[in-house]
Amino acid sequence: PDTITVQELANRMSERAVDVIRLLMQQGQMMKINDVLDADTAQLVAEDMGHTVKRVSESDVEVGLEGEADNAADLKPRAPVVTVMGHVDHGKTSLLDALRQTDVVAGEAGGITQHIGAYQVRMAGGERITFLDTPGHEAFTTMRARGAKATDIVILVVAGDDGVMPQTIEAINHAKAAEVPIIVAINKMDKPDVDPNRVRTELLQHEVIVESMSGDVQDVEVSATQKMNLDKLEEAILLQSELLELKANPDRSADGIVIEAQLDKGRGPVATVLVQRGTLRVGDVLVAGTEWGKVRALVNDRGEQVKEAGPSEPVEVLGLNGTPEAGDVFSVVEDEARAREITDYRQRVLRDKRAAGAARGSLEQMFSQL
Ligand code: GTP
Ligand code: MG
């Protein structure tokens, strides 16, 4: 459940429901006592009424007020979720491709399967790392703006022959704003004209201080095309991930984030999601942004149909009634009625917002013409 009724919200604040309704009315929202508020609205209302709001956990983006916190005892270690960022042409895609081929299960023949925007690499020791296909800075920003934290670690790719460039700096700023630790991959080390120390010095100016300069940011010299030091990079990721003590409760209804979604000719709406908590199963009723559906099939990053997906696992979801947006939060709800209720509400809010936006636009136009 990622919403709350007016009555429940009032109860939690020990306020009268009528006062909540009055406040909503002042904000232009006509609501009755059993109407549902999304977590963002509920938070705003609560704050307006002088209450402090504590969101249950980082991944509890919209789940907010009603999402139950997990007991520490139920938490199990989970794979780190890693995003590769960096300047144009510094080798993000090449590095992701090369890392993907280190998967011990996929092996040589399995190799590259379909592209699903995220994949998991299994290492010989049984460890796993989830890589998000570089979503572009825009998607990263949208997710962050919504409070959704999709990634645990950022791999900052800097070409050793080019050094720190504008989008390198952008990526640093994104990672810092999101408080996500950085691992630097100095790429293209097979080239003759590389100068990794120049990269380290340039990074220093942006307060990314690597270990050899007495900072705490790990850096690894790699070559994506020559597959050099990929094991070292993966070790660095696992080390960082140990420091973060990443955990999640797999034994609860699932929630997470939509990585990408599109309308597939044959299969209908297909969303690639990253499960962050709980276990997503075929047959679950899922709400994602303003869309919902009953999970008809789950397909993993190797194109295999699976029955379920746990924390940090990326998976394609089939069976949605519409196409959600990248960055949308998803969660499994009790039943279809509940799913309809939530998405109806969200669609209404979205329409109202759009209408308000349009009205504001035309007002601004009016004023600018005066
Ligand atoms: P955009 O997605 O356009 O931002 O680029 P990208 O960062 O994904 O870079 P991409 O992987 O497409 O690589 C850009 C070019 O650099 C390609 O021609 C790659 O073959 C080359 N390249 C990537 N990694 C290496 C490397 O380790 N060594 C050498 N010599 N070339 C590399
Ligand atoms: Mg690329």
Side-chain angles (χ1 to χ4, degrees), residues 81-103 106 108 111-121 129-144 150-178 180-203 206 208 210 212 217-237 259-262 272 274 301 314 326-327:
V81 179
V82 177
T83 303
V84 175
M85 297 180 97
H87 194 70
V88 182
D89 272 355
H90 279 200
K92 300 177 293 289
T93 303
S94 306
L95 190 60
L96 277 163
D97 287 346
L99 285 163
R100 183 165 201 180
Q101 286 166 42
T102 65
D103 188 299
E108 294 277 310
I112 313 288
T113 52
Q114 83 212 90
H115 167 93
I116 75 161
Y119 62 85
Q120 218 177 39
V121 166
I129 302 174
T130 301
F131 289 96
L132 292 190
D133 221 337
T134 170
H137 297 183
E138 220 168 290
F140 200 81
T141 313
T142 330
M143 285 188 199
R144 191 156 57 73
T151 191
D152 301 308
I153 297 169
V154 164
I155 302 287
L156 183 67
V157 181
V158 189
D161 59 343
D162 202 22
V164 171
M165 298 300 279
Q167 279 171 274
T168 319
I169 299 167
E170 240 178 69
I172 293 171
N173 292 337
H174 282 306
K176 289 205 162 162
V180 176
I182 292 173
I183 296 174
V184 177
I186 305 178
N187 191 30
K188 308 202 185 182
M189 285 304 291
D190 58 294
K191 284 191 153 187
D193 50 346
V194 289
D195 187 352
N197 278 329
R198 197 189 97 206
V199 172
R200 294 184 180 100
T201 312
E202 287 172 351
L203 286 170
H206 300 279
V208 176
V210 299
S212 60
V217 175
Q218 299 187 79
D219 65 306
V220 186
E221 296 179 5
V222 300
S223 164
T225 48
Q226 298 308 116
K227 305 197 186 342
M228 187 188 103
N229 283 349
L230 299 180
D231 51 345
K232 287 220 176 88
L233 182 57
E234 288 171 345
E235 273 167 34
I237 294 168
I259 302 300
E260 60 180 20
Q262 65 266 325
T272 300
L274 174 72
D301 55 345

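Every number for a ligand or one of its atoms is a count from 1 in the order of the listing. Nothing here was measured: the structure is a model prediction, and the numbers come from that model. For the numbers below, each heavy atom of this structure counts, side chains included, while hydrogens, waters and symmetry mates do not.
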Taking 4.0 angstrom as the limit and counting only heavy atoms of [X], give me the atoms of ligand 1 inside it, by number and element.
X      : value
Lys191 : 30 (N)
Ala224 : 24 (N), 26 (C), 27 (O)
Val88  : 3 (O), 4 (O)
Thr93  : 2 (O), 6 (P), 8 (O), 11 (O)
His87  : 7 (O)

Does a donor on one side chain and an acceptor on the other come within less than 3.5 Å for Asp162 and His90?
yes
Is Lys188 paired with Asp161 through a side-chain N to carboxylate O contact shorter than 4.0 Å?
no
So the salt bridge (Lys or Arg N to Asp or Glu O under 4.0 Å) pairs with at least one residue in residues 226-237 (sequence neighbours excluded) are none
Would you mind telling me if ligand 1 is within reach of the side chain of Asp190, the backbone, both or neither, using heavy atoms under 4.0 Å?
side chain
Out of Thr225, Asp162, Val157, whose heavy atom is nearest to atom 31 (N) of ligand 1?
Thr225
Residue selection (non-hydrogen contact nearest atom 22 (N) of ligand 1) among His90, Lys188, Met85:
Lys188
N or O pair under 3.5 Å between Gly91 and ligand 1
yes
Exactly one of Thr272, Leu132, Leu96 clears side-chain contact (heavy atoms from CB on, under 4.5 Å) with Tyr119, and that residue is Leu96
